[in-house]
Amino acid sequence: MLEQGKNQSVIGRHDLTLSNTGIVDLSENSEAKTQYTEIHDIVEDKEHIYIYVNANSAHIIPNRIFENLDKKNEVLALLKQKGKSNN
């Protein structure tokens, strides 16, 4: 897929911001907004949080960015609460 071209908005650094209405994904080449109502599923593994907006597209948050487990759990709780209350 990467060799097929025009993937600048997919690869590289992305900064995610949680707003009142959704997730703002800002990269060097693009800006995308995901409403909380679009969250399909939230999956957590040992190293990442995956916020699925459909079956093959997700915002991926590495666990290493969180100061501690409490901060990570706070973000997870917010995402789950916003996603459920809007669906």
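Keep in mind that what you see is a predicted model, and the values were worked out from it rather than measured.
- Within the 4.5 Å cutoff, the side chain of T34 has no heavy atoms near those of the D25 side chain.
- Rounding to the nearest 0.5 angstrom, the gap separating the CD1 atom in I61 from the CG atom in L79 is 6.0 Å.
- Taking all atoms of both residues into account, the shortest heavy-atom contact from N20 to K82 is O-NZ, 3.5 Å.
- Connection of I65 to L16 is established within a shared hydrophobic cluster, with ILVMFWY side chains joined at heavy-atom distances below 4.5 Å, either directly or through further cluster members.
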Given side-chain contact (heavy atoms from CB on, under 4.5 Å), test V75 with L18 step by step and report yes or no. CA-CA 9 Å; V75 168; L18 303 181; 4.0 Å; yes
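- Residues satisfying the ring pair (Phe, Tyr, Trp, His ring centres under 6.0 Å) criterion with Y50, sequence neighbours excluded, are H48.
- Between E44 and K72 there is a salt bridge, with a side-chain nitrogen of the basic residue lying less than 4.0 Å from a carboxylate oxygen of the acidic one.
- When all heavy atoms are compared, the tightest approach of E38 to K33 is OE2-O, 4.3 Å.
- For the salt bridge (Lys or Arg N to Asp or Glu O under 4.0 Å) test, no residue two or more places apart in sequence or in another chain qualifies with E74.
- Between the OH atom of Y36 and the NZ atom of K80 there is a distance of 14.5 Å, given to the nearest 0.5 Å.
- Between N54 and H40 there is no side-chain heavy-atom pair separated by less than 4.5 Å.
- Put simply, L78 and V24 are part of two different groups of oily side chains (I, L, V, M, F, W, Y) that touch within less than 4.5 Å, one to the next.
- Residues I42 and L76 have side chains in contact (heavy-atom distance under 4.5 Å, counting atoms from C-beta outward).
- Looking at residues two or more places apart in sequence or on another chain, you find a salt bridge (Lys or Arg N to Asp or Glu O under 4.0 Å) between D15 and R13.
- Within the 4.5 Å cutoff, side-chain heavy atoms of V43 are placed close to those of Y52.
- Annotation: side chain of I49 is in contact with side chain of F66 (closest heavy-atom distance under 4.5 Å).
- Remark: S19 OG to Q35 CD distance equals 7.0 Å, nearest 0.5 Å.
- With contacts defined as side-chain heavy-atom distances shorter than 4.5 Å, the pair I60/I51 does not qualify.
- Few gaps surround CD on E31; more than 12 heavy atoms of other groups in view lie less than 6.0 Å from it.
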